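Being a predicted model, the structure only gives us computed values, none of them experimental. Letters go in sequence order (proteins before strands), and every chain restarts at 1.
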There are 2 protein chains.
Amino acid sequence: MDVLDRVEARLLVVDDEPNIRELLSASLRLSGFEVMTAVDGREAVQFAERIRPDLVVLDVMLPDMDGFAVAGRLRELGGQMPVLFLTARDATDDKVTGLKVADDYVTKPFSLEEVLARIRAVLRRTRGDLDLPVRLRVGDLELDEEAHQVWKAGEVVRLSPTEFKLLHYLMVNTGRVLSKAQILDHVWNYDFGGDAGVVESYVSYLRRKIDTVEPRLIHTLRGVGYVLRPPQGD
Amino acid sequence: MDVLDRVEARLLVVDDEPNIRELLSASLRLSGFEVMTAVDGREAVQFAERIRPDLVVLDVMLPDMDGFAVAGRLRELGGQMPVLFLTARDATDDKVTGLKVADDYVTKPFSLEEVLARIRAVLRRTRGDLDLPVRLRVGDLELDEEAHQVWKAGEVVRLSPTEFKLLHYLMVNTGRVLSKAQILDHVWNYDFGGDAGVVESYVSYLRRKIDTVEPRLIHTLRGVGYVLRPPQGD
DNA sequence: GCCCTGGCTGAACGTTTCCTGAGAAGAGCC
DNA sequence: GGCTCTTCTCAGGAAACGTTCAGCCAGGGC
């Protein structure tokens, strides 16, 4: 509910691949956004004109027109309508390089955590609450998104990228049980084929680094999943 | 956040190439500016009259009229409205002399760092806050933008142009992780086709020149990017 | 108490990522 | 035109990282 009432915003997701489109719209909806989808540039511009989304998630490679063109059209509609681009990781097209400079882009295959973080960042920026540093706190645990840094009881803790993403996901969902499948879906890239065993490994790594003393923050719910719980709430 | 709240200003970007227009407007917006765009001289003058931007970024080669004509018209509108010209690197001499009318100019292909630095400089000048020297400081590291000079522990350090731009970008974003892609996109020209390996090389050069002793300022976050962090923050 | 299932963790592996030195190509300067 | 400085590429080696797996442990049902 933390997330749910914080971000009420209308999004437009544009991608011609049905898988990605559904994956994104479903999980964005779950995160509390109002989501519409479009399959190509023409439709995107049409919908955008009608529904005036707060942000557009836009695949760079569309069947009818490229991301640049769509972004340009959207801009012509007036009203700030920021764009978050989706692009292939190894894109070398100069068209794409141009887009990438916009900074708000995510490369495929992405993890949902990445996309969500970006969307929130862009919305935060356009809404003007610029300066609040994005610092999550649970008990004596602190996480700074921009600095990509974590403190436990005031001490800096070094985390690998995956450890960091996992902890971030847990912290954003403090007090909510997350199944291993959910964690896998959010923290790992959507094309990850492996099994949920990795999650166990990474929870183990995390505990070793940030949860060695009482009161424990990361709790296992047998057969259900994991929760991060603030101290006294136990 | 440093940059973001320092420069709130309204810009008008005029270029007929959609790529450049989008590239510029997107990244200027990300840097905290309010941006409008125009595709030719006529539109530029129209918009400028209406919205009264604080600065106009103006391509010299426009389909309908040349940049200087546009600049003249803008001047006629009255009210100081400085112009930053964009011009091809191999512009002939008479054109370059023409640029003297301009408040400043940047040659294509540019890097975003260049454009941003110029815009800030021009705005600073026209606003009259001349005396604040633009000096960035992180630990015992100092960088003077105008003098284009760097000191480490009080000693002047000689940096190549690219090294300087890289360090500048890192310092402006102190405490924020920057991915290699981001660095590439900001410090290198937008048409640079090479890979992110250069960034590694230049970080290596920089470290050798300004970061050989503890406490280190430039940190590698494996799989994420680089950060410049002030000493005690570790 | 015993068994079964699910979870924990250490070890091992292959892979990725990064750092650095060396060198070729180019730009700018006398 | 030759010199230096700069930029970029490449490749080797080292370290960190992600993933899998197997053995062990703990909880819960019977």
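Checking the phosphate oxygens (OP1, OP2) of dT6(D), a side-chain nitrogen or oxygen of Arg158(B) falls inside 4.0 Å. The side chain of Thr162(A) places an N or O atom within less than 4.0 Å of a non-bridging phosphate oxygen (OP1 or OP2) of dG18(D). Note on Trp188(B): a side-chain N or O is less than 4.0 Å away from OP1 or OP2 of dC8(D). At least one side-chain nitrogen or oxygen of Ser204(A) sits closer than 4.0 Å to the OP1 or OP2 atom of dT9(C). Thr220(B) has a side-chain polar atom (N or O) that falls below the 4.0 Å cut-off from OP1 or OP2 of dC19(C). Contact annotation: Ser160(A) reaches the phosphate of dG18(D) (side-chain N/O to OP1 or OP2, under 4.0 Å). At dC8(C), one or more side-chain N or O atoms of Tyr226(A) fall inside 4.0 Å of OP1 or OP2 (strictly under the cut-off).
Side-chain rings of Trp188(B) and Tyr169(B) stay apart, their centers remaining 6.0 Å or farther from each other. For an aromatic pair to be called close, the ring centres must be under 6.0 Å apart, and His219(B) with Tyr226(B) fails this.
Between Leu206(B) atom CG and dT6(D) atom P there is a gap of 13 Å when expressed in whole angstrom units. Atom-to-atom, CZ of Arg208(B) to P of dC18(C) comes out at 18 Å; the value is rounded to the nearest Å. Remark: C1' of dC19(C) and CG of Leu221(B) are 15 Å apart, rounded to the nearest angstrom. Atom CG of Asp211(A) is separated from atom C1' of dC8(C) by 14 Å (rounded to the nearest Å). Computed from coordinates, the Lys180(A) NZ to dT5(C) C1' distance equals 11 Å when rounded to whole Å. The distance from atom OH of Tyr202(A) to atom P of dC21(D) is 16 Å, rounded to the nearest whole Å. Spacing between atom CG of Leu159(A) and atom P of dA16(D) amounts to 15 Å, rounded to whole angstrom units. As rounded to whole Å, 16 Å separates atom P of dG23(D) from atom CD of Glu200(A).
Applying the side chain to side chain contact (heavy atoms under 4.5 Å, CB included) test between Thr87(B) and each of Val60(B), Val106(B), Leu58(B), Asp59(B) identifies Val60(B) as the sole match.
For the pair Gly197(A) and Gly197(B), nearest-nucleotide mapping onto DNA chain D gives the more 5' position to Gly197(B). Take the nearest nucleotide of DNA chain C for Tyr205(B) and for Gly225(B): the residue whose nucleotide is more 5' is Gly225(B). Where Gly193(A) and Arg222(A) each meet DNA chain D at their nearest nucleotide, the meeting point lying more 5' is that of Gly193(A).
Relative to the ring axis of Trp151(B), Arg137(B) does not place its NZ or CZ within 45° and under 6.0 Å from the centre.
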Query - Trace of the side-chain hydrogen bond (donor to acceptor under 3.5 Å, both in side chains) decision for Arg207(A) with Thr220(A) - result: CA-CA 11 Å; Arg207(A) 289 213 244 238; Thr220(A) 303; 2.9 Å; yes

